[in-house]
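Chain naming here is simple, since letters A, B, ... match the order of the sequence lines and numbering starts at 1 in each.
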Protein chains: 2
Amino acid sequence: MTSTDETTGTDGTRAGRPAGRPRSAKAEKAIIEATLDLIGESTSLAELSIEAIAARAGVGKTTIYRRWSSKEDLVVDALAVLKSPLPPLEEGPFRDWLVTYLEIMQREARDVRSRCVMNIAMNGYDRDPRLVERIRQVTIKPRQEALAALLRRGVETGELRADLDLPIAMAMVVGTVMWYVKSAGFGEGGQLSENVAERLADHIMAGLVPR
Amino acid sequence: MTSTDETTGTDGTRAGRPAGRPRSAKAEKAIIEATLDLIGESTSLAELSIEAIAARAGVGKTTIYRRWSSKEDLVVDALAVLKSPLPPLEEGPFRDWLVTYLEIMQREARDVRSRCVMNIAMNGYDRDPRLVERIRQVTIKPRQEALAALLRRGVETGELRADLDLPIAMAMVVGTVMWYVKSAGFGEGGQLSENVAERLADHIMAGLVPR
DNA sequence: GCGTTGCGAAACTTTGCCGTATCGAAAAAC
DNA sequence: GTTTTTCGATACGGCAAAGTTTCGCAACGC
């Protein structure tokens, strides 16, 4: 009405400050953190409640509703924080890149917050397809495409077999590391030896048969 | 609807019949079936509701509460039905057995009821460790051990590489087929070509590199 | 037929969350 | 100082889901 409602600045930098107490960046960060934690602990987004987030973040519900109008938006914003950068696809032997990828995936597979994405993306597909699609678009799809490009280039350079089945090869890479971390996590607290990625890459590339 | 409800006694225990209408074995079976179906569709046991089970089974809620005092008891009873037999480990080339195993796992991975075990075993570990452990004991563990024995024998006969990393190899077999079925299910309704197990076995054994 | 028990449907009760509103205090700009 | 906005906390009505009880009817032994 009187003031410009467009200037709802996300933070209290300079420029047209709307006057009044600025929004606490600390609270916002706490909300995001709590959201990620709680998503990691739950298996579906339906289980996630604003009240629980507010309680975990030590924040009033008002503070959440003032920033995000829906749970969906909050979840998307929170998951956007998880985007870990992917290394670009440049020159180099295939094996090195595979090890790099396995290293990243193996590290992410242990992180509760990254695992939650897997849970949601794989299990909640028919519950809220639209949201799941948004999440997959920003998290899984780029990795899938990067891996596919990596494998295709390996075939072109002759480092990989010419009759490679791309879906199967991708499932081999992703499925193996995921399952390995999962099953290893069952037994103990999760101490895996250092060169996991190297040994995984070795077995994936060379297979199970003798040389 | 006259006398179609065969209320044959659920058990053969003669002796002191409590008098009155006997419990319907048909209803009990329907409840178990509905429970298995719904567990398969859900990702956690908290999502499972007696009401949904009753509706799916075409049964009144009282009929369920009369038999099982808690949801947990019902789940345990229901999962006890799932025990599917494993083929014994006999003579034969490793590849044939691997194909057989992949065939079984690939088929089970599509079955809703088998998937539910995976969901619960992997996601609900810290929610109800006791129940999860019971489930793993009767479902996952025997398969794990069978696969481990299979791989070990392959190493002994020289069909597999001598420096095989058993946990990694197992993750390769299980993880690949699981992930492949999962990701294939994303794209389409799930029509996978006929020789999936063969092609999976090929890639797993030979790896990604050229011969 | 009679008493007893099981059956499914529907009503009742509880629970948990949502979204909003209100309150006193706090943090900035003026 | 005053003004304005946000802060955390709490309370409220509403709603939807799930557990519990009620009820009329059906099936069994006697």
Side-chain angles (χ1 to χ4, degrees), chain A residues 1-31 34-35 38-39 41-42 44-75 127-128, chain B residues 1-31 34-35 38-39 41-42 44-75:
Chain A
M1 321 207 178
T2 60
S3 61
T4 62
D5 50 9
E6 281 292 294
T7 59
T8 52
T10 56
D11 53 357
T13 56
R14 297 249 52 90
R17 177 85 82 85
R21 176 174 175 174
R23 292 190 178 175
S24 163
K26 199 166 103 183
E28 189 153 330
K29 185 172 174 55
I31 294 170
T35 303
L38 288 175
I39 293 180
E41 293 175 8
S42 61
S44 75
L45 293 178
E47 254 176 274
L48 192 67
S49 70
I50 301 288
E51 286 206 10
I53 295 175
R56 174 75 63 104
V59 147
K61 282 194 293 182
T62 326
T63 309
I64 298 181
Y65 282 111
R66 193 176 290 119
R67 294 155 202 269
W68 293 277
S69 55
S70 75
K71 187 165 68 180
E72 249 189 52
D73 292 344
L74 171 57
V75 168
R127 294 158 195 269
D128 195 341
Chain B
M1 51 190 68
T2 57
S3 65
T4 51
D5 186 10
E6 50 172 297
T7 58
T8 59
T10 60
D11 49 1
T13 61
R14 297 262 52 90
R17 175 85 86 81
R21 178 173 175 175
R23 294 187 176 176
S24 164
K26 199 163 110 186
E28 188 153 332
K29 184 171 175 55
I31 293 171
T35 303
L38 288 175
I39 293 180
E41 293 174 8
S42 60
S44 73
L45 294 179
E47 252 176 274
L48 192 67
S49 70
I50 302 290
E51 202 156 279
I53 295 175
R56 175 76 62 105
V59 147
K61 286 191 282 186
T62 37
T63 308
I64 298 181
Y65 284 111
R66 192 175 292 118
R67 292 166 158 78
W68 294 277
S69 56
S70 76
K71 191 161 63 179
E72 206 182 283
D73 292 344
L74 171 56
V75 168

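- With hydrogens and angles ignored, a donor-acceptor pair under 3.5 angstrom links the side chain of B:T62 to the base of C:dG8.
- As a whole-Å value, the separation of A:Y65 OH from C:dT22 C1' is 16 Å.
- Residue B:T63 has a polar side-chain atom (N or O) positioned under 4.0 Å from OP1 or OP2 of C:dG8.
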Item to check | CA sep, side-chain torsions, deciding dist, call: B:L48, B:L74, side-chain contact (heavy atoms from CB on, under 4.5 Å) | outcome: CA-CA 11 Å; B:L48 192 67; B:L74 171 56; over 6 Å; no
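- With hydrogens and angles ignored, no donor-acceptor pair under 3.5 angstrom links the side chain of A:R21 to the base of D:dT5.
- Among residues two or more places apart in sequence or in another chain, the side chain to side chain donor-acceptor pair (under 3.5 Å) test is passed with B:E72 by B:R130.
- B:R23 has its CZ atom 7 Å from the P atom of C:dC7, to the nearest Å.
- One donor-acceptor pair, N or O on each side, does fall under 3.5 Å between the base of C:dG19 and the side chain of A:K61.
- For the atom pair CD1 of B:I31 and NZ of B:K26, the computed distance is 13.0 Å after rounding to the nearest 0.5 Å.
- Computed from coordinates, the B:R67 CZ to D:dG19 C1' distance equals 18 Å when rounded to whole Å.
- Straight-line distance from the CG atom of A:L45 to the P atom of C:dC18: 12 Å, rounded to whole Å.
- Across the protein-nucleic acid pair, A:R56 atom CZ and D:dG8 atom P stand 17 Å apart, rounded to whole Å.
- The CZ atom of A:R66 sits 14 Å away from the P atom of C:dT22 (whole-angstrom rounding).
- Between the C1' atom of D:dG8 and the CD1 atom of A:I64 lies a distance of 12 Å, rounded to the nearest Å.
- B:A46 approaches B:K71 most closely through the heavy-atom pair O-NZ, 3.9 Å.
- Comparing C:dC7, D:dC28, D:dC7 against the side chain of B:P22 picks out D:dC28 as the nearest.
- Sequence order on DNA chain C of the closest nucleotides to A:L48 and B:A57 puts B:A57 first from the 5' end.
- In this entry the distance linking CH2 of B:W68 with P of D:dT20 reads 16 Å, nearest Å.
- Place A:A54 and A:E51 on DNA chain D by their nearest nucleotides, and A:A54 ends up nearer the 5' end.
- Between B:V59 and A:S49, the residue anchored nearer the 5' end of DNA chain C, judged by the nucleotide with its closest heavy atom, is B:V59.
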Checklist entry - A:I50 and A:Y65: side-chain contact (heavy atoms from CB on, under 4.5 Å), yes or no, with the steps? => result CA-CA 9 Å; A:I50 301 288; A:Y65 282 111; 3.8 Å; yes
